[in-house]
Amino acid sequence: MDRLKWKYNTSRAYRLMHLETGHYAQNFLLTCTALDLGSFVTAAFKDSVIEEKLGICGVHEVAMYVSGMGHIVFDKTTRSDIEDGQVLPEGIEIRLPIGDHS
């Protein structure tokens, strides 16, 4: 944050911080896709836990997004036996965020 505030001595620094976070996440997802890895990004995390694990103060350095990747275990393209509306195999769960889904 300090570097952005030095370069952009206005509130624009905060806007750019969000834009850069999105760019980093997009590159991460594209790279994972190119390597045939499953990936995710989320902003739903406990800031204090991540900041403690990374050893950052949460004032001058902050966690804005969490991302992860791994090998794909379940590939829906290989499961042609599952049709829409059918019960998913045991251990597979789908959760939608709470809110307006229009």
Side-chain angles (χ1 to χ4, degrees):
M1 289 178 53
D2 290 339
R3 183 176 177 196
L4 279 174
K5 286 193 286 187
W6 168 81
K7 191 172 183 180
Y8 304 98
N9 196 15
T10 65
S11 61
R12 179 180 300 260
Y14 293 100
R15 184 177 352 150
L16 292 171
M17 185 170 60
H18 291 278
L19 288 170
E20 287 297 318
T21 300
H23 291 144
Y24 294 138
Q26 181 181 32
N27 284 325
F28 176 79
L29 294 171
L30 289 169
T31 301
C32 289
T33 300
L35 296 173
D36 289 327
L37 295 170
S39 57
F40 74 92
V41 291
T42 184
F45 60 91
K46 282 192 166 187
D47 299 52
S48 59
V49 172
I50 298 298
E51 290 161 357
E52 181 182 330
K53 296 285 184 188
L54 294 176
I56 59 178
C57 68
V59 175
H60 300 284
E61 295 177 304
V62 296
M64 295 197 52
Y65 226 23
V66 172
S67 57
M69 55 89 176
H71 295 285
I72 298 172
V73 176
F74 179 78
D75 182 0
K76 67 180 179 182
T77 61
T78 61
R79 293 296 308 264
S80 59
D81 58 313
I82 297 179
E83 296 180 18
D84 290 340
Q86 186 175 353
V87 176
L88 293 173
E90 187 175 328
I92 302 295
E93 187 175 323
I94 297 175
R95 293 186 183 189
L96 296 174
I98 298 171
D100 183 20
H101 302 290
S102 53

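Residues meeting the side chain to side chain contact (heavy atoms under 4.5 Å, CB included) test with Glu20, sequence neighbours left out: His23, Tyr24. Applying the side chain to side chain contact (heavy atoms under 4.5 Å, CB included) criterion to Thr42, with sequence neighbours excluded, gives Phe40, Ala44, Val66.
Leu29 shares a hydrophobic cluster with Phe28, Leu35, Leu37, Val41, Tyr65, Met69; the chain of contacts runs through ILVMFWY side chains whose heavy atoms sit under 4.5 Å apart.
Residue Asp47 holds its CG atom at 10.0 Å from CE of Met64, rounded to the nearest 0.5 Å.
A pairwise comparison of heavy atoms in Glu61 and Ile56 identifies OE1-CG2, 3.2 Å as the closest pair.
Note: the hydrophobic cluster containing Val62 does not contain Phe45 (ILVMFWY, side chain heavy atoms under 4.5 Å, direct or indirect links).
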